[in-house]
Amino acid sequence: MQLGVIGLGRMGQIVVQRTLDAGHDVVAFDLSAEATAAAEERGADSADSIADLVEALDDEKRIWLMVPAGDAVDATLDDLEPHLDADDVVVDGGNSHFEDSTRRAERLDAAYLDCGTSGGPAGAEHGFSLMVGGPEWAYDELTPVFDAVATGPDGHDRMGPAGSGHYVKMVHNGVEYALMQAYGEGFELLHEGRYDLDMESVARTWNNGAVIRSWLLELCEEAFREEGSSLGTVADEVRGGSTGTWTVQEALEQEVPVPLIYAALGERFGSRSPKEGRFSRRLANRLRYGFGRHEVARREE
Ligand SMILES: NC(=O)C1=CN([C@@H]2O[C@H](COP(=O)(O)OP(=O)(O)OC[C@H]3O[C@@H](n4cnc5c(N)ncnc54)[C@H](O)[C@@H]3O)[C@@H](O)[C@H]2O)C=CC1
Ligand SMILES: O=C(CO)[C@H](O)[C@H](O)COP(=O)(O)O
């Protein structure tokens, strides 16, 4: 099979490499000439533009987008659209909002597969987990590529119609937030608690046979090994947040309680409070004086 890959950053380069390793041909394009050259070094044919990429592809075009979610996907589809017809298939492997994917699937003549991708850059070696939404014929058509990019045939499946792949990935990320929060709280209690513990040793011990072993826990072990038991200079600030926000918005709309995911998202937002600290906590501090004449904790001027 021949695959066009657009977007050759951390994730797109892995799509290129694993597709080439499985014996397929790749034509690659990125706005960054450096990224395109890196794909060429891996063995892909490079393209200078989207028009150049579609020109290099066979009549039935199979194209994988791995660009940032949002405007970059729409801009890429604007450029692709005049070159596509109903026999072609476009895969969006990024973290797009599922409603954007449904809209894009309706707009395009080509078949559109929304593909939630999990595994991160570590997927280069073992492959990703792929959650795919869209028409069955297009999923079947792309199966050789999904087999290559995923961990294997069990590492991908069709979730349902347009939007369902990115819907499942959105919820996956909500779960990711809650698991990170749970590990974070457990290790914080151990770190602040009554024994002088080596966090790497705790994580390693848990990872060997404990009920709560997982890849995220292996990453905790790695973090303590590389940063130290107290996490050294790692700041109290968690970035990102879009997919977790979408999960909570959807849960509110469906009236499904997701208190753990919501709390984890709130903790992220809370970690980005201004330098003078959280306003709500400062007000609570002052209110205790108001109702109980409890001493007000004052900050340095
Ligand atoms: N990094 C991760 O662990 C994961 C990322 N994702 C998703 O995969 C997508 C890509 O992520 P990364 O590879 O990490 O991002 P990245 O920032 O490393 O790479 C994005 C690439 O897209 C290129 N690009 C941007 N706009 C473009 C356009 N209009 N045309 C052609 N190329 C364009 C950029 O030059 C860059 O090389 C995002 O939607 C991200 O949310 C999904 C799962 C895991
Ligand atoms: O999809 C992912 C992992 O599964 C990406 O790493 C994503 O960026 C994580 O979300 P956030 O940036 O909000 O932490």
Side-chain angles (χ1 to χ4, degrees), residues 4-18 27-40 42 44 46-54 63-81 90-98 100-101 104 114-132 149-150 155-156 165-181 183-184 214-216 219 237-249 261-262 264-269 271-272:
V5 181
I6 301 174
L8 305 166
R10 286 165 295 194
M11 300 293 282
Q13 295 287 345
I14 298 172
V15 173
V16 168
Q17 188 66 61
R18 292 187 64 86
V27 185
F29 170 69
D30 193 289
L31 287 181
S32 146
E34 215 174 50
T36 308
E40 194 175 17
R42 294 176 188 277
S46 62
D48 294 337
S49 63
I50 286 189
D52 191 25
L53 177 131
V54 287
I63 299 171
W64 187 303
L65 312 186
M66 213 61 197
V67 300
D71 292 345
V73 178
D74 283 317
T76 307
L77 292 178
D78 286 345
D79 289 348
L80 277 174
E81 202 168 10
V90 177
V91 179
D92 173 12
N95 272 328
S96 295
H97 192 287
F98 70 97
D100 287 338
S101 299
R104 289 165 185 151
D114 49 285
C115 172
T117 304
S118 180
E125 196 184 340
H126 302 296
F128 296 132
S129 163
L130 302 175
M131 299 137 254
V132 187
V149 174
H156 63 89
H166 281 149
Y167 191 82
V168 174
K169 179 63 184 2
M170 172 188 77
V171 175
H172 160 287
N173 279 29
V175 172
E176 183 179 290
Y177 283 40
L179 289 174
M180 286 165 64
Q181 183 64 23
Y183 286 124
S214 71
W215 188 50
L216 275 175
L219 296 179
E237 181 186 331
V238 193
R239 297 182 183 163
S242 56
T243 48
T245 301
W246 301 340
T247 311
V248 170
Q249 285 168 338
I261 297 173
Y262 179 70
L265 181 65
E267 281 291 319
R268 272 198 196 202
F269 293 157
S271 79
R272 302 175 213 161

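In listed order, ligands and their atoms are each counted from 1.
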Between the side chain of R10 and the main-chain N/O of G120, is any donor-acceptor distance below 3.5 Å?
no
List of N/O pairs, ligand 2 versus protein, all under 3.5 Å?
{"residue": "ligand 2", "atom": "1 (O)", "partner": "N95", "partner atom": "ND2", "Å": "2.8"}
{"residue": "ligand 2", "atom": "1 (O)", "partner": "K169", "partner atom": "NZ", "Å": "2.6"}
{"residue": "ligand 2", "atom": "1 (O)", "partner": "N173", "partner atom": "ND2", "Å": "3.1"}
{"residue": "ligand 2", "atom": "4 (O)", "partner": "K169", "partner atom": "NZ", "Å": "3.4"}
{"residue": "ligand 2", "atom": "4 (O)", "partner": "N173", "partner atom": "OD1", "Å": "3.4"}
{"residue": "ligand 2", "atom": "4 (O)", "partner": "E176", "partner atom": "OE1", "Å": "2.7"}
{"residue": "ligand 2", "atom": "13 (O)", "partner": "Y177", "partner atom": "OH", "Å": "2.5"}
{"residue": "ligand 2", "atom": "13 (O)", "partner": "G241", "partner atom": "N", "Å": "2.7"}
{"residue": "ligand 2", "atom": "13 (O)", "partner": "R268", "partner atom": "NH1", "Å": "3.4"}
{"residue": "ligand 2", "atom": "14 (O)", "partner": "R268", "partner atom": "NH1", "Å": "2.9"}
{"residue": "ligand 2", "atom": "14 (O)", "partner": "R268", "partner atom": "NH2", "Å": "3.3"}

Can you name the one residue among T245, V238, T247 that meets side-chain contact (heavy atoms from CB on, under 4.5 Å) with L265?
T245
Side chain proximity check, T243 to Y177, heavy atoms < 4.5 angstrom
yes
So, for [X] and [Y], which heavy atoms are closest and what is the spacing to 0.1 Å?
{"X": "A264", "Y": "Q181", "answer": "CB-CB, 3.7 Å"}
{"X": "F29", "Y": "D48", "answer": "CE1-O, 3.4 Å"}
{"X": "L216", "Y": "E176", "answer": "CD1-O, 4.3 Å"}

Are Y183 and S214 close enough that a side-chain donor and a side-chain acceptor fall under 3.5 Å?
yes
Go through the side-chain N and O atoms of S101 and D114 and say whether any donor and acceptor fall under 3.5 Å apart.
no
Under a 3.5 Å threshold, I'd like every N/O contact between ligand 1 and protein atoms, with atom names and distance.
{"residue": "ligand 1", "atom": "13 (O)", "partner": "R10", "partner atom": "N", "Å": "3.3"}
{"residue": "ligand 1", "atom": "13 (O)", "partner": "M11", "partner atom": "N", "Å": "2.9"}
{"residue": "ligand 1", "atom": "14 (O)", "partner": "R10", "partner atom": "NE", "Å": "3.0"}
{"residue": "ligand 1", "atom": "14 (O)", "partner": "R10", "partner atom": "NH2", "Å": "3.1"}
{"residue": "ligand 1", "atom": "18 (O)", "partner": "R10", "partner atom": "N", "Å": "3.0"}
{"residue": "ligand 1", "atom": "18 (O)", "partner": "R10", "partner atom": "NE", "Å": "3.1"}
{"residue": "ligand 1", "atom": "32 (N)", "partner": "L31", "partner atom": "N", "Å": "3.4"}
{"residue": "ligand 1", "atom": "35 (O)", "partner": "D30", "partner atom": "OD1", "Å": "2.6"}
{"residue": "ligand 1", "atom": "37 (O)", "partner": "D30", "partner atom": "OD1", "Å": "3.4"}
{"residue": "ligand 1", "atom": "37 (O)", "partner": "D30", "partner atom": "OD2", "Å": "2.7"}
{"residue": "ligand 1", "atom": "39 (O)", "partner": "V67", "partner atom": "O", "Å": "3.3"}
{"residue": "ligand 1", "atom": "39 (O)", "partner": "A69", "partner atom": "N", "Å": "3.4"}
{"residue": "ligand 1", "atom": "39 (O)", "partner": "N95", "partner atom": "N", "Å": "3.0"}
{"residue": "ligand 1", "atom": "41 (O)", "partner": "N95", "partner atom": "ND2", "Å": "3.1"}

Verify the neighbour count for atom CD of E237: are there more than 12 heavy atoms of other residues, nucleotides or ligands below 6.0 Å?
yes
